[in-house]
Amino acid sequence: MNNHTTPAWPVLDYHDLKETIATVHMYTQVVGKIRLQQMPWINHSWQVTLYVSPTGLTTGSMPYAGGVFQIDLDFISHQVQVTTSQGAKLDFAIGGKTVAEFYTDLINTLQQAGVNVTIYAVPNEVDPAIPFAQNHAPCGYDAAVMHNFWQALVRIHNVFTDFRAGFQGKNSPVHFFWGGFDLAVTRFSGRPAPLHQGAMPNMPKAVMQEAYSQEVSSCGFWAGSDAFPHPTFYSYCYPTPDDFGTQQVAPPEAFYSTEMGEFLLTYESVQRAANPEAVLLEFMQSTYDAAATTGNWDKNLQCDLSALKNRL
């Protein structure tokens with residue numbers, strides 16, 4: 001871990017989060033569809049993701065006719081901010097807008113900033129997939145709840161970044177997938193994987209198959225659901241060896257879900273630990289070891305380059 005002091009991890013309760021997360025999930029889908037449209041396709045859909053920022057979630061720079069632009073969801077001021085390389089800086093309040101209102105406000109703001117975008121305005125990985133412009137259902141948004149959730153993402157992002165640094169093979173960024181509303185980081189063995197046969201609601205099969213075209217070991221964080229009402233860390237691999245789920249992992253609170261086909265560790269178990277960062281790293285490393293051992297990954301893919309800091 002780095003040497004910076006980490007503030008206490010916030011308490012997260014799914015039942016407090018549920019309504020606000022459902023709203024922001026749809027807001028990020030609108031933002032994500034804009035990023036998808038503007039970016040060239042990058043392997044495993046990496047071009048669509050958002051990133052944890054010092055104020056919330058961001059698209060980072062995206063190309064447009066005038067140069068680059070960026071969309072930020074700011075969970076300190078609770079605004080959507082649009083910035084362009086031509087000098088435009090526009091914003092509007094997030095509030096509790098319906099999805100249709102949010103979509104209209106964002107497209108109008110982009111146009112005012114000189115950015116013209118046309119998207120396929122239907123969400124992915126949800127059922128039903130109501131077109132953004134037709135979704136007039138009331139949306140709840142609790143600013144304090146969302147700020148708290150984002151603060152958890154900040155702490156998780158930093159641990160995921162440390163874990164990512166220990167691998168010299170192909171390795172994803174630490175990025176936020178708006179389809180499933182989860183933060184993830186993925187390692188690759190360097191070998192092709194069998195053709196993926198799984199499916200997600202309102203997700204083209206070809207996209208899923210390209211995403212899992214290579215062998216992976218992936219860790220992430222997810223806000224939970226009504227069926228599993230706990231913010232949770234997960235770890236899975238694809239393909240999944242028969243003995244993957246029988247491996248010993250840490251900490252003791254971690255367990256394997258045969259239904260979901262992945263190891264799980266509740267956020268609460270991490271948040272309550274004396275050293276949350278160390279416990280989360282332990283989970284990530286031990287579940288990677290389970291994937292690498294059962295999948296016969298090259299041991300030389302792991303690395304420790306931290307000593308190079310002292311040479312610069």
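Taking hydrophobic clusters as Ile, Leu, Val, Met, Phe, Trp and Tyr residues chained together by side-chain heavy-atom distances below 4.5 Å, Phe167 shares a cluster with Val185. Hydrophobic clustering, with ILVMFWY side chains joined whenever heavy atoms are under 4.5 angstrom apart, keeps Leu106 apart from Val68. A single hydrophobic cluster is not seen to contain both Leu265 and Val11; linkage of ILVMFWY side chains at heavy-atom distances under 4.5 Å, directly or through other members, places them apart. Residues Tyr14 and Leu153 do not share a hydrophobic cluster, defined by chaining ILVMFWY side chains whose heavy atoms lie under 4.5 Å apart. Both Ile156 and Val154 are part of a single hydrophobic cluster, where members link through side-chain heavy atoms under 4.5 Å apart.
Side chains of Asn116 and Tyr64: no donor on one and acceptor on the other come within 3.5 Å. A donor-acceptor contact closer than 3.5 angstrom is absent between the side chains of Thr23 and Thr20. No side-chain donor from either of Glu125 and Trp178 sits under 3.5 Å from a side-chain acceptor of the other. If you check the side chains of Glu253 and Ser269, you find no donor sitting under 3.5 Å from an acceptor.
With contacts defined as side-chain heavy-atom distances shorter than 4.5 Å, the pair Phe244/Tyr256 qualifies. Proximity of Met200 to Met208: side-chain heavy atoms (C-beta onward) are separated by under 4.5 Å at one or more points. For the pair Lys33/Gln37, no side-chain contact is recorded, criterion being any heavy-atom separation below 4.5 Å from C-beta on. Counting only heavy atoms from C-beta outward, the side chains of Pro231 and Trp222 never approach each other to under 4.5 Å.
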Stepwise side-chain contact (heavy atoms from CB on, under 4.5 Å) check, Thr55 with Leu73: CA-CA 8 Å; Thr55 58; Leu73 295 169; over 6 Å; no
Worked verdict on Gln302 versus Asp289 for side-chain contact (heavy atoms from CB on, under 4.5 Å): CA-CA 10 Å; Gln302 295 194 91; Asp289 290 342; 4.1 Å; yes
Steps toward ring-ring contact (aromatic ring centres under 6.0 Å, His included) verdict (His44, Tyr212): CA-CA 7 Å; His44 317 300; Tyr212 289 100; 8.4 Å; no
Residues Tyr238, His196; criterion ring-ring contact (aromatic ring centres under 6.0 Å, His included); working and verdict: CA-CA 9 Å; Tyr238 180 77; His196 194 273; 4.8 Å; yes
Steps toward side-chain contact (heavy atoms from CB on, under 4.5 Å) verdict (Val80, Phe102): CA-CA 10 Å; Val80 178; Phe102 182 91; 3.5 Å; yes
His25 and Phe181: CA distance, side-chain angles, deciding distance, ring-ring contact (aromatic ring centres under 6.0 Å, His included) verdict: CA-CA 6 Å; His25 186 188; Phe181 206 75; 5.4 Å; yes
Verdict with supporting geometry, Trp297 and Tyr288, ring-ring contact (aromatic ring centres under 6.0 Å, His included): CA-CA 10 Å; Trp297 285 38; Tyr288 168 77; 5.6 Å; yes
Tyr51/Leu57 under side-chain contact (heavy atoms from CB on, under 4.5 Å): CA gap, chis, key distance, verdict: CA-CA 5 Å; Tyr51 306 95; Leu57 291 171; over 6 Å; no
Stepwise side chain to side chain donor-acceptor pair (under 3.5 Å) test for Glu277 and Trp9: CA-CA 10 Å; Glu277 293 82 7; Trp9 289 44; 2.9 Å; yes
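The backbone N or O of Glu215 sits nowhere less than 3.5 Å from a side-chain atom of Arg191 that would complete a donor-acceptor pair. Of the possible polar contacts, one joining the Gln86 side chain to the Gly66 backbone as a donor-acceptor pair under 3.5 Å is found. Side chain of Ser286 to main chain of Ala250: a donor-acceptor pair is present (N/O by atom type, distance under 3.5 Å, no hydrogens or angles). Side chain of Asn135 to main chain of Val99: no donor-acceptor pair is present (N/O by atom type, distance under 3.5 Å, no hydrogens or angles). A donor-acceptor pair under 3.5 Å is absent between the side-chain atoms of Arg187 and the main chain of Gly169, judged by distance alone. With Asn108 contributing its side chain and Thr104 its backbone, the two residues share a donor-acceptor pair below 3.5 Å. Between the Thr84 side chain and the Ala88 main chain, a donor and an acceptor come within less than 3.5 Å of each other. The backbone N or O of Ser53 lies less than 3.5 Å from a partner atom in the side chain of Trp150, making a donor-acceptor pair. Using modelled atom types, one side-chain atom of Ser172 and one backbone atom of Thr186 make a donor-acceptor pair closer than 3.5 Å. Side-chain atoms of Thr293 never come within 3.5 Å of backbone atoms of Ala290 as a donor-acceptor pair (strictly under, hydrogens ignored).
Dense packing is recorded around CD of Gln271, with more than 12 heavy atoms of other residues, nucleotides or ligands lying under 6.0 Å away. When the shell of 6.0 Å around CG of Asp242 is examined, it contains 12 or fewer heavy atoms from other residues, nucleotides or ligands. In Gln285, the CD atom is crowded: over 12 heavy atoms of neighbouring residues, nucleotides or ligands sit closer than 6.0 Å. Under a cut-off of 6.0 angstrom, the local environment of NZ in Lys170 is crowded, with over 12 non-hydrogen atoms contributed by other residues, nucleotides or ligands.
In this structure, Arg155 forms no cation-pi arrangement with Phe160, as its terminal cationic atom is not both closer than 6.0 Å to the ring centre and no more than 45° off the ring axis.
Going from atom CG of Asp226 over to atom CZ of Phe228 covers 13.0 Å, rounded to the nearest 0.5 Å. Asn124 contributes atom CG, which lies 8.0 Å from atom CG of Leu36 (distance to the nearest 0.5 angstrom). Atom CZ of Arg164 is separated from atom CG of Asn171 by 5.0 Å, given to the nearest 0.5 angstrom. To the nearest 0.5 Å, atom CG of residue Leu195 and atom CD of residue Glu210 are 11.5 Å apart. The OH atom of Tyr27 sits 7.5 Å away from the CD1 atom of Ile94 when rounded to the nearest 0.5 Å. One distance of note links NZ of Lys18 with CG of Asp16; it measures 12.0 Å at 0.5 Å rounding.
Closest of all the heavy-atom pairs between Ser85 and Gly67 is OG-CA, 3.5 Å. For the pair Phe75 and Val24, the tightest heavy-atom approach, listed with the atom from each and the gap, is CZ-CG1, 4.0 Å. Shortest non-hydrogen contact noted between Gln168 and Asn300 is NE2-O, 2.6 Å. Contact record, Gln29 with Val126: NE2-CG1, 4.3 Å, taken as the closest heavy-atom pair. Closest of all the heavy-atom pairs between Met203 and Val207 is SD-CG1, 3.7 Å. A pairwise comparison of heavy atoms in Ser61 and Arg35 identifies O-NH1, 4.0 Å as the closest pair.
Residues Tyr236 and Phe263 place their aromatic rings such that the two centres sit no closer than 6.0 Å. Centroid-to-centroid, the aromatic rings of His175 and Phe177 come within less than 6.0 Å. Taking the ring centroids of His157 and Phe176, they lie at or beyond the 6.0 Å cut-off.
For the side-chain hydrogen bond (donor to acceptor under 3.5 Å, both in side chains) with Gln81, the qualifying choice from Asp74, Thr58, Asp72 is Asp74, the only one to do so.
With sequence neighbours left out, the salt bridge (charged side-chain N to carboxylate O under 4.0 Å, His left out) criterion links Asp105 to Lys97.
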